Amino acid sequence: MSAGKPARLKGPPSPGAPRALPLDDDERLNLERYSLAAAASNEGLYDWDLRTDQVYYAETWKALLGYAKDEIGTSPDEWLNRVDPDDLIWLQATLDAQASAGGKPFQIEYRITHRNGHVLWMMCRGIVVLDDEGEPIRIVGAQRDVTDRKNAEEQLRLSEERYALAAQGANDGLWDWHVATDQLYCSPRWTAMLGIGGGARTSTMEDWYAQIDGEDRPRLRAAVETHLAGGSAHLEEEVRTRHAGGAELWVLIRGVAIRDEEGEAIRMAGSMTDITARKRAEQQLLFDAFHDGLTRLPNRMLLLDRIGQALGRRRRPEEAQFAVMIFDIDHFKTVNDSLGPLVGDEVLCAVGRRLDGARRSGDTVARLSADEYGVLMDGVLDVKAAVDAAERLAGAVAEPLTLPNGQEVVMSVTAGIALSGSGYASAGDMLRDAGLAMFRAKTSGRNRVEMFDDALRERALTRLRLESDLRHAVEGRQFRLFYQPIVRLADGTVAGFEALMRWFHPERGMIPPSDFVHLAEETGLILKMGRWALAEATRQLAEWQGRFGPDLFMSVNVSGRQLMEDDLVAAVTETLDTHRITPGTLKLEITESLLLDDPGRCLGIMEALKRKDVKLSLDDFGTGFSSLSYLHRYPIGTLKIDRSFVRAAGESDRRSAIARIITLLAQALDLEVIAEGIEKEAEADFLRGLHCQFGQGFHFAPPLPKEAVEDLMDARRRSREVLEGLSALRGLPPKGR
């Protein structure tokens, strides 16, 4: 080729090659037929005269490129200049090669630009016409638009490429089974998955089944046969197999059958995916759902399930009864707080290991909560056998435990037992009753074993009802404050009051604090109740100071949870800002046991309250630890002598010496003393002799509602006014002044 045109084609003449000769009638007829056939096939004919370098382009040829009849001339450039440069090289090379081809037909596919700019794929066929001397004088042929086919082939290629990349990216093994010959092809990835060397492999279906775990093999075989019979749209099964190294593998087998015109499966192909990691993760999640994360023991859910199964077996008469036990570690909070949570975790694990090691085969040990463990024990003959078994397990726990830091501790547990012979219907009820028995054992002294009985359940139901009623009481404003006067023992005048909460139940009437305060503490309801009592007592004090004198004070009890969990300083500040009272006339009563729980925090709270001109009283002094160290460390202004010492004083009991010591101690530390529970005049006289400033009790007045207090104060004021009048008449100073 030269200048984009085919070079002079040379080569020996080929027998049978066309010659440029005059046409007779038959030949013209044949030519006409060829022209009509070409027109019918929608192919564009061309005839390139190499001697004149002119090309005849049929109208169809021009139309394929989007041109009209007179828009393309006879130059070869009309064709060659529109060919894609990358393909032009190959087109020219094909045309050049025709001289040596001996006039044989040629065919080539190339890209050419359409008039509107888009690219077409053309299939060009042709033949070289030689003269008598074998010289090429013409190239004649036809062109066809094969763009659709080429695009389809490209899409197919891309699809196959995507599939190959997807299969490679998914890291799946591929398999192809010819049903009639029972030849099974397994790809290299398949064999690599199973640790079998040698790349791709051909075997039979039975060889494949032999690699599947014996328990899963029948299921896979049935699934394949069902799919072949048309019973399923595709095959998808998760089965176990073995790696050549012996490790268990989980694989997902997928496949689909290729069927003939009659619907018979002739071939089946699919993939195998290694899902071992997912299966292990699922198994771990399942294990974690039913086991404790710290001790790896079964958890509450799994224990309940096994109790439920045991109850189901128990319905058969021949089944022996079983026991459910709950073990609670005694004083675990002390260990955790003093030695730290890491050591606490080690103790929890050690207790779990000891219980699990001491159990019988077939029994279940579970961790239920922070320091509680449950045990399901089968084949328990009677109560004695259950108690003996629980004590044996407790004994295993009580062995000295050496911690990683070398320190030795001895742990004990308290246990509660419920026996299946009581006719339980649910596992939850049985576990609950074992917990009730354990709770009773805790309240009876710890390090002991208790059996459940019906009385425990009744008490638990009573407590549940009381708790529910208490919550309604808080929301329904069923509480009222009663006020017990605190008098000056020297003259009997009222110095202040202690605010005491009373619960007026709509059905049971008035409920004393001893029946609900401890429950309010446990449930946290005391926080809301305490804030209300503080605000109401302060409001009442402000009213009475304006009516009966500015020096009246009010004592309000503060619980441990209020002091440690509520923002007591903020609550007091808000109350004092709302209700204006004489500074120093609000007193908060706390018990000495609170000072031992968190001394540092208690001191900070008490100092902040002192800055608000709030006085602090130490209630029930002498009944607890009575450490003298905190009397000078904490800003305490008042000691309250417990009624047990007051009663003993009146009866000349040896405990009267304690009351004497408390008053002497208070005088030495410049503290006020209030004796509570005074019921007799002799007790009051004894305390006056000790120079005790204040007293309260039924001898003076019981706790009274607001109206009764006001009547009492009005009566005392009238009595005082009468005495003052008589004294004025006699010229004597009035009594009590």
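Not measured: the values here are computed from a predicted model.
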With distance as the sole test, does R465 use its side chain to make a donor-acceptor pair with the main-chain N or O of S468 at under 3.5 Å?
no
Side-chain donor or acceptor of H178 paired with backbone N/O of A180 under 3.5 Å
no
Trace of the side chain to side chain donor-acceptor pair (under 3.5 Å) decision for E521 with S559:
CA-CA 8 Å; E521 282 269 355; S559 73; 3.0 Å; yes
Taking the side chain as everything from C-beta on, heavy atoms only, tell me whether L519 gets closer than 4.5 Å to L525.
no
Would you call R149 and E109 a salt bridge, using N to O less than 4.0 angstrom?
yes
Sole candidate of D182, D260, D176 that passes salt bridge (Lys or Arg N to Asp or Glu O under 4.0 Å) when paired with R267
D176
Residue pair R296, D288: steps toward the salt bridge (Lys or Arg N to Asp or Glu O under 4.0 Å) verdict
CA-CA 8 Å; R296 313 309 288 169; D288 291 343; 3.5 Å; yes
Approximate separation, where rounding is to 0.5 Å, of L401 CG and M411 CE:
8.5 Å
Run the salt-bridge test on R259 and E264 with the 4.0 Å N-O cut-off and return the result as yes or no.
no
CZ (R201) and CG (L194) are apart, to the nearest 0.5 Å, by 8.5 Å
Lys/Arg-Asp/Glu bridge criterion (N-O < 4.0 Å) met for K333, D371:
no
Taking L252's backbone N and O only, do any of them form a donor-acceptor pair with E238's side chain (distance below 3.5 Å, no angle check)?
no
Can a salt bridge be assigned to the pair R242 and D213 using a cut-off of 4.0 Å between side-chain N and carboxylate O?
no
Min side-chain heavy-atom separation H234-R254 under 4.5 Å:
no
After noting the C-alpha distance and the side-chain angles of R144 and L64, does the key distance pass the side chain to side chain contact (heavy atoms under 4.5 Å, CB included) rule?
CA-CA 8 Å; R144 175 186 294 178; L64 288 175; 5.9 Å; no
F106 six-ring centre to R125 NZ/CZ under 6.0 Å and within 45° of normal:
no
Return the CD to OH distance between Q143 and Y110, rounded to the nearest 0.5 Å.
3.0 Å
Side chain to side chain contact (heavy atoms under 4.5 Å, CB included) assessment of L393 paired with M377:
CA-CA 11 Å; L393 292 173; M377 186 173 292; 3.9 Å; yes
Considering all heavy atoms of both residues, which atom of T414 and which atom of A441 are nearest to each other, and what is their separation?
CG2-CB, 3.2 Å
Can any side-chain N or O of N299 pair as donor or acceptor with the backbone N or O of A289 at less than 3.5 Å?
yes
Nearest heavy atoms of A398 and R354, plus distance in Å:
C-NH1, 4.4 Å
Quick one: are M122 and V146 in side-chain contact, heavy atoms under 4.5 Å?
no
Verify side chain to side chain donor-acceptor pair (under 3.5 Å) between D207 and Q211, making sure each step is shown before the conclusion.
CA-CA 7 Å; D207 292 335; Q211 295 174 324; over 6 Å; no
Nearest heavy atoms of L235 and A223, plus distance in Å:
CD1-CB, 3.6 Å
Checking the side chain of D363 only, and the main-chain atoms of D378 only, is there a donor and an acceptor separated by less than 3.5 Å?
yes
Any side-chain heavy atom of D429 within less than 4.5 Å of one from S426?
yes
Would a distance-only check, ignoring hydrogens and angles, find a side-chain to backbone donor-acceptor pair under 3.5 Å from H291 to F287?
yes
Checking V409 against V335 for the side chain to side chain contact (heavy atoms under 4.5 Å, CB included) test, could you report, in this order, the C-alpha distance in whole Å, the side-chain angles of both residues, the deciding distance, and whether it holds?
CA-CA 9 Å; V409 297; V335 174; 5.6 Å; no
Salt bridge check, R278 against E282: does any charged N sit closer than 4.0 Å to a carboxylate O?
yes
Side-chain contact test, heavy atoms from C-beta onward, threshold under 4.5 Å: evaluate it for V413 versus N447 and give yes or no.
no
Should the pair E450-K442 be classified as a salt bridge under the 4.0 Å nitrogen-to-oxygen rule?
no
Give the intermediate values and the outcome of side chain to side chain contact (heavy atoms under 4.5 Å, CB included) for residues L368 and Y373.
CA-CA 5 Å; L368 304 181; Y373 299 81; 5.8 Å; no
Any side-chain heavy-atom pair from T273 and V251 closer than 4.5 angstrom?
no
Please name the pair of heavy atoms, one in G173 and one in M193, separated by the smallest distance, quoted to 0.1 Å.
N-CE, 3.2 Å
Charged N-O contact under 4.0 Å between D216 and R219
yes
Counting C-beta onward and ignoring hydrogens, is there a side-chain heavy-atom pair between L342 and E346 closer than 4.5 Å?
no
How long is the gap from CD1 on I112 to NE2 on H118, to the nearest 0.5 Å?
11.0 Å
So, the side chain of R217 versus the backbone of Y209: is there a donor-acceptor pair under 3.5 Å, distance only?
yes
Using modelled atom types only, decide if a donor and an acceptor are shared between the side chain of R306 and the backbone of M301 within a distance under 3.5 Å.
no
Is E206 salt-bridged to R221, cutoff N-O under 4.0 Å?
yes
Could you tell me whether R440 and D453 make a salt bridge, using a distance below 4.0 angstrom between a side-chain N and a carboxylate O?
yes
Between atom CD of E248 and atom CZ of R240, what is the distance when rounded to the nearest 0.5 Å?
5.5 Å
Heavy-atom nearest pair, A386 first then L419, reads CB-CD2, 4.0 Å
Check for a donor-acceptor pair, side chain of T402 on one end and backbone N or O of E408 on the other, with a separation under 3.5 Å.
no
A side-chain contact here means heavy atoms from C-beta on lying under 4.5 Å apart; do V375 and R359 qualify?
no
Verdict with reasoning, W208 to W177, per ring-ring contact (aromatic ring centres under 6.0 Å, His included)
CA-CA 11 Å; W208 183 35; W177 177 38; 8.1 Å; no
R471 with E475: basic N within carboxylate O range, under 4.0 Å
no
Does R446 pair with D328 as a salt bridge, N-O distance under 4.0 Å?
no
Roughly how far, to the nearest 0.5 Å, is CZ of R432 from CZ of F452?
6.5 Å
Over all heavy atoms of both residues, which pair between P298 and T364 is shortest? Give the atoms and the distance, please.
CG-CG2, 4.2 Å
When you measure from the side chain of D87 to the backbone N and O of R111, does any donor-acceptor pair fall under 3.5 Å?
yes
